[in-house]
Amino acid sequence: MDNQLQIYNTLSRKKEIFVPLHEGKVGLYVCGPTVYGKAHLGHARPAVTYDLLFRYLKHLGYKVRYVRNITDVGHLANDADEGEDKIAQKARLDELEPMEVVQLYTNDYHKNMEKLNVLSPSIEPRATGHIIEQITVVEKILAAGYAYESQGSVYFDVEKYAKDYPYGELSGRKIEDMQSNTRELDGQDEKHSPLDFAIWKKAAPEHIMRWPSRWSDGFPGWHLECTAMSCKYLGETFDIHGGGMDLCFPHHEAEIAQAKAANGHDAVRYWMHNNMITLNGQKMGKSLGNAISLDEFFSGEHALLEKAYDPMTIRFFMLTAHYRSTLDFSNEALQAAEKGMERLLKASETMNGLSPADKSSVNIGELKEKCYAAMNDDLNSPIAIAHLFDAVKIINSIADGKESISAEDLDALKSLYNTFVFDLFGLKKPEQAEGSNEAFNAAIDLLLQLRQDAKANKDWATADKIRNELTALGFVVKDTKDGASWELK
RNA sequence: GGUCGGUUGGCCGAGUGGCUAGGCAACGGUCUGCAAAACCGUGUACGGCGGUUCGAAUCCGCCACUGACCUCCA
């Protein structure tokens, strides 16, 4: 196939043909969550984006090692006045052990990712489990001369580094601009320059999470874990590093600098960044009160939500936008996605019931080509989905007898449809409503049977009464040629 | 203030210099005792003003609006 996977590389700002470092194998590292709160919608975007990439790379035949970290050392709380660790702060508020908080929210994250049908990564390393590796990186950077110790902390010397290597190449920042934009501030004495960032930080007395080192009892800098863990599991050079656009600067820029300072060369070959999510056109953020947790989406228990949304609706909706575009969540858009996905899934059942004809009046080969071309074009899932809706029309037309399909084409269609809808996009039929015990089902079926009898007797009053009462109770009664079916909304 | 991005029909959301994105909604039809559901069909949109071009939503400039990150913070 001359149609090759192209990936948009943030570093070059271009789409590039993806060629792995080692033939047939791909090393993929993605920045995972900081586990100090419940998993929310913002966590789902990168998870689904790189899950799609992971699935597609495997589908293409690559052996993929996918590393996605858990950040459990914690970053500084955005709105905290003190330089206190997010996780330590939360721990004090909740009167829990830091690792207890970490475990609680890690479990929450895992549970929600499973609901979203996000595959587990190959390795999910924790920052707290790699303190020694991080200290080793600090030593290497110090030995290379790109860091200095100051009052028990170790800082990365950005200006020194920038003399030897380009700094800011990923985010398009120029060091001169950053310097001229820097104000004089108090409390910067420890750093030689405001641009410098900590790679080891001495712990304040109230700071609970701390480890001994030759500089101080402290903790590693927040950019360091990814450098240390990607190197440990994927090597000094690896293929793809992904994460949210919000991490581009300073996090990823710092990662590049740390790896280059420590090893003398670049670590990452392709940088990928997924865009952010907005809610009713507004940025999603905790301070704005619109950071809806995934649990709330799934249960519908949030003031902004009109109803509960199935995890698959969230997943599908994310896939209907390209990963590098912002995506706006609203009840209207979600409900539109919900209906569209139902149609897509229903067509797969219709497809399984199709009978082949001698000849095809439809072109499955072309459809397949278009679907793969879309995926190869920087994972353009919205385009691929558009083509799948063309497949829906084809399927329904065949079922209607307006088109015909050969046995060979039908197999190809099934294979294509199943590959994209289930294997790559990772969609599943929504879970059946709970309380679906057998007696309950039988009772509803009985009511519908009574209605069927009434209809046979042209007793429309009784038939309509049953239907209307069931509707009032929240059931949806659907009459089809093969009889009535129902579901609970 | 700096850097980068966005502005597409009622809503969401793709996109290439000229050739239908797609979904939802809406409307029309098929089906139905009626309805719902399901299925089929229909829509000619691209922030404003200039410019380049035979031709621009797609390229360039300016303006407006908007987003992200940074400018305080490990």
Side-chain angles (χ1 to χ4, degrees), chain A residues 10 13 73-86 153 155-156 168 171-174 176-183 185-188 191 194-202 218-224 244-251 253-254 273 275-276 278 281-283 316-317 320-322 324-344 346-347 350 370 374 377 380-390 392-393 395-397 399-400 402 455 458-460 463-464 467-468 471 476-481 484-487:
Chain A
T10 309
R13 300 178 192 287
V73 168
H75 303 166
L76 184 80
N78 286 328
D79 36 11
D81 297 322
E82 316 299 325
E84 195 178 353
D85 188 299
K86 276 180 186 168
S153 294
Y155 291 96
F156 192 93
S171 55
R173 281 172 170 73
K174 292 190 177 64
E176 307 85 64
D177 296 343
M178 294 167 65
Q179 283 161 333
S180 61
N181 282 327
T182 301
R183 284 186 266 157
L185 288 165
D186 298 332
Q188 291 279 359
K191 294 185 190 178
L195 300 182
D196 295 347
F197 53 88
I199 52 180
W200 184 264
K201 186 79 179 165
K202 181 180 179 178
F219 49 95
W222 74 293
H223 309 303
L224 202 62
M245 253 176 209
D246 53 332
L247 297 175
C248 199
F249 188 91
H251 185 58
E253 206 71 73
H273 290 95
N275 214 139
M276 315 314 284
T278 57
Q282 194 186 31
K283 175 195 170 186
F316 178 74
F317 183 55
T320 60
H322 185 83
R324 282 191 289 115
S325 300
T326 53
L327 176 60
D328 190 50
F329 268 64
S330 64
N331 283 289
E332 199 180 0
L334 277 170
Q335 285 162 32
E338 188 172 51
K339 290 187 179 171
M341 185 180 69
E342 275 173 18
R343 223 176 124 223
L344 204 61
K346 197 154 288 172
T350 308
K370 284 180 176 173
D377 184 12
N380 201 327
S381 53
I383 292 289
I385 287 172
H387 293 316
L388 289 178
F389 276 108
D390 288 342
V392 170
K393 259 180 200 145
I395 288 166
N396 288 331
S397 298
D400 249 19
K402 289 175 184 157
K455 282 172 73 176
K458 296 203 192 298
D459 178 4
W460 310 129
D464 288 354
R467 183 178 67 194
N468 294 340
T471 302
V476 179
V477 178
K478 295 175 181 175
D479 286 336
T480 69
K481 285 202 163 60
S485 67
W486 60 273
E487 59 188 61

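The sequence lines fix the lettering, A, B, ..., with proteins before strands; numbering per chain opens at 1.
- Nucleotide B:rU3 has B:rA68 as its partner under the Watson-Crick or G-U criteria, with both atom distances under 3.5 Å.
- In the set B:rC24, B:rA14, B:rC69, the nucleotide with an atom closest to the side chain of A:Ser325 is B:rA14.
- Atom P of nucleotide B:rA25 and atom CG of A:Leu334 are separated by 14 Å, given to the nearest angstrom.
- Residue A:Arg13 places no side-chain atom within donor-acceptor reach of the base of B:rC4, judged by atom type and a 3.5 Å distance cut-off alone.
- Side-chain atoms of A:Asp479 come within donor-acceptor range of the base of B:rA35, with a qualifying N/O pair under 3.5 Å.
- Residues A:Trp200 and A:Leu224 form no side-chain contact, since every pair of their non-hydrogen atoms from C-beta on lies 4.5 Å or further apart.
- One donor-acceptor pair, N or O on each side, does fall under 3.5 Å between the base of B:rG33 and the side chain of A:Asp464.
- Comparing B:rG22, B:rC70, B:rA25 by their nearest atom to the side chain of A:Arg173 picks out B:rC70.
- Under a 3.5 Å cut-off, the side chain of A:Glu253 and the backbone N or O of A:Cys248 do not form any donor-acceptor pair.
- With distances taken from any side-chain atom of A:Asp400 to the nucleotides B:rA74, B:rG13, B:rC39, the minimum falls on B:rC39.
- Distance CG (A:Leu344) to C1' (B:rG22): 11 Å, rounded to an integer number of Å.
- Contact check, A:Thr320 against B:rA14: no side-chain N or O comes under 4.0 Å of OP1 or OP2.
- No contact: A:Tyr155 has no heavy atom under 4.0 Å from any strand.
- In this structure B:rG18 sits in a base pair with B:rC54, meeting the Watson-Crick or G-U test at under 3.5 Å.
- The side chain of A:Arg343 places an N or O atom within less than 4.0 Å of a non-bridging phosphate oxygen (OP1 or OP2) of B:rC39.
- Among the atoms of the strands shown, none is found under 4.0 Å from any heavy atom of A:Ser153.
- Taking atom CG of A:Asn396 as the reference point, atom P of B:rA37 lies 16 Å away to the nearest angstrom.
- Residue contacts for A:His387: at a heavy-atom cut-off of 4.0 Å it reaches no nucleic acid atom on any strand shown.
- The nucleotide whose nearest atom lies closest to any side-chain atom of A:Lys346 is, among B:rA38, B:rA74, B:rC24, B:rA38.
- Pairing for B:rC62 goes to B:rG48, judged as Watson-Crick or G-U wobble with the two contacts each under 3.5 Å.
- Cation-pi geometry between A:Arg343 and A:Phe389 is not satisfied (NZ or CZ under 6.0 Å from the ring centre, within 45° of the ring normal).
- Across the interface with RNA chain B, nearest-nucleotide mapping of A:Lys370 and A:Phe317 shows A:Phe317 to be the residue nearer the 5′ end.
- In this structure, the CD1 atom of A:Ile383 is 12 Å from the C1' atom of B:rU20, given to the nearest Å.
- Heavy atoms of A:Lys339 sit under 4.0 angstrom from primed sugar atoms or phosphate atoms, though from no base atom.
- Atom CD in A:Gln335 sits about 16 Å away from atom C1' in B:rA26, given to the nearest Å.
- Ring orientation note: the planes of A:Phe197 and A:Phe156 are close to parallel, at an angle under 30° on the 30°/60° scale.
- The side chain of A:Pro382 approaches B:rA14 more closely than any other nucleotide in the set B:rC70, B:rG33, B:rA14.
- Remark: the separation of the C1' atoms in B:rC46 and B:rC11 is 16 Å, to the nearest Å.
- To the nearest angstrom, P of B:rU66 lies 15 Å from CG of A:Asp328.
- The listed nucleotides are B:rG33, B:rC12, B:rA68; the one nearest the side chain of A:Ala463 is B:rG33.
- Phosphate proximity of B:rG23 to A:Lys393: present, with a side-chain N or O under 4.0 Å from OP1 or OP2.
- Contact of the A:Asp390 side chain with the A:Lys393 side chain is not registered, since no non-hydrogen atoms from C-beta on lie closer than 4.5 Å.
- Distances from the side chain of A:Ala321 to the nucleotides B:rG13, B:rA74, B:rG33 place B:rG13 closest.
- No donor-acceptor pair under 3.5 Å is formed between the side chain of A:Lys201 and the backbone N or O of A:Gly221.
- Comment: A:Lys455 engages A:Asp479 in a salt bridge, judged by a side-chain N to carboxylate O separation of less than 4.0 angstrom.
- The nearest whole Å value for the distance from the NE2 atom in A:His251 to the P atom in B:rA74 is 16 Å.
- Base pairing of B:rA26 is made with B:rU42, judged by Watson-Crick or G-U wobble geometry with both donor-acceptor distances under 3.5 Å.
- Nucleic acid contact class of A:Leu327 (heavy atoms, under 4.0 Å, all strands): sugar-phosphate only.
- Contact annotation: A:Lys402 does not reach the phosphate of B:rC40 (side-chain N/O to OP1 or OP2, under 4.0 Å).
- A:Asn275 has no side-chain polar atom (N or O) that falls below the 4.0 Å cut-off from OP1 or OP2 of B:rG5.
- Taking atom CG of A:Asn380 as the reference point, atom P of B:rG13 lies 14 Å away to the nearest angstrom.
- Residue contacts shown for A:Phe389 are limited to sugar-phosphate atoms, with no base heavy atom under 4.0 Å away.
- Out of B:rC69, B:rC12, B:rA74, the shortest distance to the side chain of A:Val73 is found at B:rA74.
- For the residue pair A:Ser325 / A:Asn275, no side-chain donor-acceptor distance below 3.5 Å is found, with atom types taken as modelled.
- Along RNA chain B, the nucleotide nearest A:Val477 and the nucleotide nearest A:Ala336 are compared for position; the residue whose nucleotide lies closer to the 5' end is A:Ala336.
- Contact of A:Arg467 with B:rC34 (side chain to base): a donor-acceptor pair of N or O atoms is detected under 3.5 Å.
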